[in-house]
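Report on the following structure.
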Amino acid sequence: MDKTHLVDEVTGHRRMRRNRKADWTRRMVQENRLTVDDLIWPIFLVPGTGIVDPIAAMPGVSRMSVDKAVEAVKEAADLGIPAIATFPDIEMELRDETGSNSLVADNLINQATTAIKKAVPNIGIITDVALDPFTSHGHDGILRDGVILNDETVDQVVRAAVMQADAGSDIIAPSEMMDGRIGAIRRGLDAAGHQDVGIMSYATKFSSGFYGPYREAINTSGLLKGDKNSYYISPANGTEALRDAALDVEEGADMLMVKPGLAYLDICWRIKEAFGLPTYAYQVSGEYSQIKAAAMNGWIDGDRIMMETLLCFKRAGCDGILTYFAMDVARKLARNG
Ligand code: PBG
């Protein structure tokens, strides 16, 4: 019997490979694309001047003093990156029980915002209002007798958000997962005349091991007592994550974020489907470092996996990705035209 004939009769018009046969067909049928517009670049700040201090656990990523950050952000804007997100690594002496430095108008994060806004006016600045860079215990909120206090934290976060907006922040991104924060921040911003400042909610932030290298970057790993399970979402819970996001939408979030990214693509998809808001994934420090470490060992092609993971976020419905690879990707995309 003619086997070839049999195969042809069975598959007939169902040959998927016709569309994959050449580079030009593959380009014709490509459903998702990664562009520079999809990239948000998170950067780490340190006090001082002229400092570019490599972070051991995140090869290729450095903490920068404000002057150096301004230079780097200028380069990001020239490459076409639409927005950055800033995270401060402040002096230990300034960290206390309540994270009071978050309420200092010219603290490190606000200094950076003002300087970047002035020097690079055409890039968006996204600032986090969680208290963890400012507390002596590394938690995102106010800690009393072993309990993170929701409403007092929200109160402080709102005041910090207004100060960040005063300094020039374009989008407030609260990552501390306190209940009611989105509505409270919206009201606070509006009352202060910041109607045009947006809110990107870390709507579904999971209690994750993938944040490890970030905690080294802002020096909170040695400080953190206990875990963040009483405010971040359990990795086991998808439906709860959607309910949490629904509240943020109701309270006035302009954009939603899922964090971490790759292990939570189902959440990205569900959130985009359910709400239709601009949806972002945060490819967090541990995701970045895993790829870097394996690539440095020669076990994977780091460049290829960088591009593949970011494209997968697009396929999962994301409108953009916060990624430490942003500059590498933007340069690569610029080279390839
Ligand atoms: C905390 C915060 C975290 C990250 C950014 N802000 C997580 C945490 O330490 O609990 C993680 C970012 C990353 O891992 O890249 N508000």
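Order of listing sets the numbers, starting from 1, for every ligand and every atom in it.
- Listed by atom number, the atoms of ligand 1 under 4.0 Å from R215 heavy atoms are 8 (C), 9 (O), 10 (O).
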Worked verdict on T153 versus E176 for side-chain hydrogen bond (donor to acceptor under 3.5 Å, both in side chains)
CA-CA 9 Å; T153 300; E176 77 315 312; over 6 Å; no
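- Salt bridge absent: D190 and R187 never bring a charged side-chain N and a carboxylate O closer than 4.0 Å.
- Between Y202 and ligand 1 there is no heavy-atom distance shorter than 4.0 Å.
- A donor and an acceptor atom, one from each side chain of T309 and Q283, are located under 3.5 Å apart.
- Between R33 and D38 there is no salt bridge, since no side-chain N of the basic residue sits under 4.0 Å from a carboxylate O of the acidic one.
- With a heavy-atom cut-off of 4.0 Å, T220 does not touch ligand 1 at all.
- Taking a cutoff of 4.0 Å between a charged side-chain nitrogen and a carboxylate oxygen, R215 and D132 do not qualify as a salt bridge.
- Between F44 and Y324, the two ring planes are parallel [angle under 30°; tilted spans 30° to 60°].
- In summary, the atoms of ligand 1 found under 4.0 Å from a heavy atom of K228, numbered by their order in the structure, are 8 (C), 9 (O), 10 (O).
- The closest protein non-hydrogen atom to atom 6 (N) of ligand 1 is Y214 OH, 3.0 Å.
- Neither V104 nor V66 shares a network with the other; the hydrophobic side chains, linked directly or stepwise wherever heavy atoms of I, L, V, M, F, W or Y lie under 4.5 Å apart, form separate groups for each.
- Ligand 1 places these atoms under 4.0 Å from at least one heavy atom of Y282: 12 (C), 15 (O).
- Under the salt bridge (Lys or Arg N to Asp or Glu O under 4.0 Å) criterion, D151 pairs with no residue at all, not counting sequence neighbours.
- Listed by number with element, the atoms of ligand 1 under 4.0 angstrom from any heavy atom of D128 are 6 (N), 16 (N).
- With a 4.0 Å cut-off on non-hydrogen atoms, A130 touches ligand 1 through its side chain and not its backbone.
- A salt bridge is absent between E71 and K74: the closest approach of a Lys/Arg side-chain nitrogen to an acidic carboxylate oxygen does not fall below 4.0 angstrom.
- Nearest protein neighbour of atom 14 (O) of ligand 1, counting heavy atoms only, is S285 OG, 2.7 Å.
- Residue contacts with ligand 1, taken as heavy atom pairs separated by less than 4.0 Å, involve V284 via backbone and side-chain atoms alike.
- Residue E176 does not touch ligand 1, judged by heavy-atom distances below 4.0 Å.
- Residue-to-ligand polar distances place Y324 within reach of ligand 1: an N/O pair is separated by less than 3.5 Å.
- Protein heavy atom nearest atom 16 (N) of ligand 1, with residue, atom name and distance: S175 OG, 2.6 Å.
- Of the protein's non-hydrogen atoms, the one nearest atom 2 (C) of ligand 1 is K205 NZ, 3.1 Å.
- Protein heavy atom closest to atom 5 (C) of ligand 1, with residue, atom name and distance, is K259 NZ, 2.8 Å.
- The atoms of ligand 1 that sit less than 4.0 Å from any heavy atom of D140 are 1 (C), 16 (N).
- Contacts of Y288 with ligand 1, taken as heavy-atom pairs under 4.0 Å, are absent altogether.
- Those atoms of ligand 1 that come under 4.0 Å of a heavy atom in D132, given as number and element, are 1 (C), 2 (C), 16 (N).
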Using the rule given for side-chain hydrogen bond (donor to acceptor under 3.5 Å, both in side chains), can you reason through D140 versus Y232, listing the C-alpha separation, both sets of side-chain angles and the distance that settles it, and then say yes or no?
CA-CA 10 Å; D140 293 25; Y232 294 172; 2.5 Å; yes
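- Ion pair K205/D244 not flagged as a salt bridge, since none of the NZ, NE, NH1 or NH2 atoms sits closer than 4.0 Å to an Asp/Glu carboxylate oxygen.
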